[in-house]
Amino acid sequence: MATPGGAAEAAPAPDAPAPPATSTAADTSAADPGASVEALTVTLEQFLAMDATARAALPKARLKKMLKTEQGHLKKVAKAAEMAARAEEESRVRAERAAGVVLEVDASLPAPRTIKIRDLDAPAVADGDAGADGDAAAAHPLPGTRVKVSGWVHRIRWEGAKLLFLELRDGTGFLQAVLTGTQCQTTDAINLHRESSVTLWGTLSADARAKGGVELRSDYWELVGRSPAEIEEVLSHDSNPDILLRNRHLVVRGTRASSILRMRSIITQCFREHLFDRGYIELTPPTLVNTMCEGGSTLFHLDYFGEPAYLTQSSQMYLETGIPAVGDCFCLLPSYRAEKSSTRRHLAEFHHLEAECPFITFEELLDRVEDLVVDVVERVMKRGGSLLASVNPNLAAMKRPFKRMTYRDALVYCRDNLIYKDEETQTHFDFGDDIPEGPERKMTDKIGEPILLHRFPAALKSFYMQKCDDDREVTESVDLLVPGVGEVVGGSMRMWKEEELAAAYKREGMDPKPYYWYTDQRKYGTCPHGGYGLGLERFVCFVLGIHHIRDACLFPRYRGRIEP
């Protein structure tokens, strides 16, 4: 499993004590050929707990080796205790000195301008020009300006007792700050740790060595919220994925993780801008429902005031009710799938961008999917700037047109390129087989460009998908596959004739009564229509070059993970 994004931002833990010495059956002594495995595999921790009788029962060679190991361990413990005592005394003396240091604001300095770190990237405003609110003071701070900025200590570095470098993070960016002299000698300063929240006053100075080319030279600061020293022990470069996910609330503060969250917001904004520019209306369908959309095996069941209900698998059917009212429409809401999959692209809860469009053809639907993805990537590249470059500097504009491949063509491609349904038996795919994630991604990566894979067998798709006029075995359905991720969009034309939908209910063994409102769309002024759904997290993985979908979420939800 991929390590969640941002983990590397946690500073490595301080030097840890040496791990307990262990021994294996390979240590067998010739003097004790019949020694038991249990005796030969005793650990240092077990040996320390043994009494004299238990130790005497050990093979002589093993006892000699463990006594030597114990002696070395006790020396390390004694040395560590000595160093701890010395450090404690130094800290006590330093704390006594710090107790008498009090900082005061220099009243002779100019009043500071309160800023966010993002303001440092704003375009300069010439003297006398007005800002957006008509005030010349709205110009972004230039070197030499005294400012006030608040945030969290992202990194901390001491150089001697009177020079302290901080990397400040306020959620909008990062800023290097320098504290000198008595600012470094207060009680708050000597007890300052990562993730403490602070407010700094100081003057901006151009410095090519600093992140962003600007440094804040502090003249006064205040501690807002303390962070304990244990922050250094919670996460490290070597923390396993379970620890990182359990502490996701801290991991997201890391440079990469926080950058991914900010880029996800930009990507979401670009989707909305694209759809609004194309004339779509945003709707908010319910996520508590009493009908299924994608099959009963992936439904989350719940009790809704004594009635059976589900968490929605898709808002598509409700969006269809919106097209006679507002025309082209979309939503961006959570969907839920109770899938047992634990792959790098599956979640139990994901954000679903869905759209429905009346009076279109299948070819027009394919064009809309292509236009959506290409245009949003272009918008993200324009908006992302240095933030995008820090996460994925290799993102490139997408070329049109996308490759269009039918399901039948995909079976031929897999056969010709030795992509099997079963690698062990080298069994080929037959018509009607689902192409699972692994072979699908292998095919996509081998082709090396986006693929609009379409015309899937009706048996593989949902009951509401329109069958092709020229081949009733297949549907007017499409999946957009992209290299590195696989499927990011799924769509289809919808059955728009009442009698066809009624036959689909019967074929699937579905009771049509709970779907009366869906059937009514075919009764009161029906029309050809289609739509698509895009998995936001998968798209974020594609755009940002993220390996695992869990890194694209604030708090991922999947089988076995419901906390924090």
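Sorted by first and then second residue, the salt bridge (Lys or Arg N to Asp or Glu O under 4.0 Å) pairs with a member in residues 385-397 form an empty list; sequence neighbours excluded.
Between the Q46 side chain and the T43 main chain, a donor and an acceptor come within less than 3.5 Å of each other. Without hydrogens or angle criteria, R248 side chain to L554 main chain gives a donor-acceptor distance under 3.5 Å. Within the 3.5 Å criterion, the main-chain N or O of R194 finds a donor-acceptor partner in the side chain of S227. Formation of a donor-acceptor pair under 3.5 Å by the D445 side chain with backbone atoms of P483 is not found in this model.
A salt bridge between D219 and R146 is present, with a side-chain N of the basic residue lying under 4.0 Å from a carboxylate O of the acidic one. Classification of R169 and E195 as a salt-bridged pair holds, one side-chain N sitting under 4.0 Å from a carboxylate O.
Remark: V77 pairs with H73 by the side chain to side chain contact (heavy atoms under 4.5 Å, CB included) rule, at least two apart or across chains. With sequence neighbours left out, the salt bridge (Lys or Arg N to Asp or Glu O under 4.0 Å) criterion links R337 to no other residue. Judged as a side chain to side chain donor-acceptor pair (under 3.5 Å), and not counting sequence neighbours, the contacts of S218 are Q183. Not counting sequence neighbours, the partners of R383 by the side chain to side chain donor-acceptor pair (under 3.5 Å) test are E273. Residues satisfying the side chain to side chain donor-acceptor pair (under 3.5 Å) criterion with D170, sequence neighbours excluded, are T172. With sequence neighbours excluded, no residue forms a salt bridge (Lys or Arg N to Asp or Glu O under 4.0 Å) with D434. Take T199 and apply the side chain to side chain contact (heavy atoms under 4.5 Å, CB included) test, not counting sequence neighbours, and it matches K148, S150, W201, V224. Residues passing the salt bridge (Lys or Arg N to Asp or Glu O under 4.0 Å) test with E70 are R55, sequence neighbours excluded. Residues meeting the salt bridge (Lys or Arg N to Asp or Glu O under 4.0 Å) test with R226, sequence neighbours left out: D188. Shown here are the side chain to side chain donor-acceptor pair (under 3.5 Å) partners of S314, two or more places apart in sequence or in another chain: E354.
Checking V482, L395, I267, N392 one by one against F542, the side-chain contact (heavy atoms from CB on, under 4.5 Å) holds for a single residue, V482. Evaluated for a side chain to side chain donor-acceptor pair (under 3.5 Å) with E537, the options R264, H346, R550 yield exactly one hit, R264. The salt bridge (Lys or Arg N to Asp or Glu O under 4.0 Å) test with E440 is passed by exactly one of K446, K421, R345: R345.
Taking 4.5 Å as the limit, every side-chain heavy atom of V391 sits out of range of all side-chain heavy atoms of R262. Side-chain contact between Q426 and L418 is absent, with no heavy atoms from C-beta onward closer than 4.5 Å. Counting only heavy atoms from C-beta outward, the side chains of T69 and F47 never approach each other to under 4.5 Å.
Ring geometry for Y310 versus H301: interplanar angle over 60°, hence perpendicular rather than tilted (30 to 60°).
To the nearest 0.5 Å, the span separating CZ on F271 from CG on L536 amounts to 6.5 Å. The distance from atom CZ of F429 to atom CG of D422, rounded to the nearest 0.5 Å, is 9.5 Å.
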Distance-only criterion, 3.5 Å: show the donor-acceptor pairs between side-chain atoms of residues 156-165 and protein atoms not counting sequence neighbours.
{"residue": "R157", "atom": "NH1", "partner": "E159", "partner atom": "OE2", "Å": "2.3"}

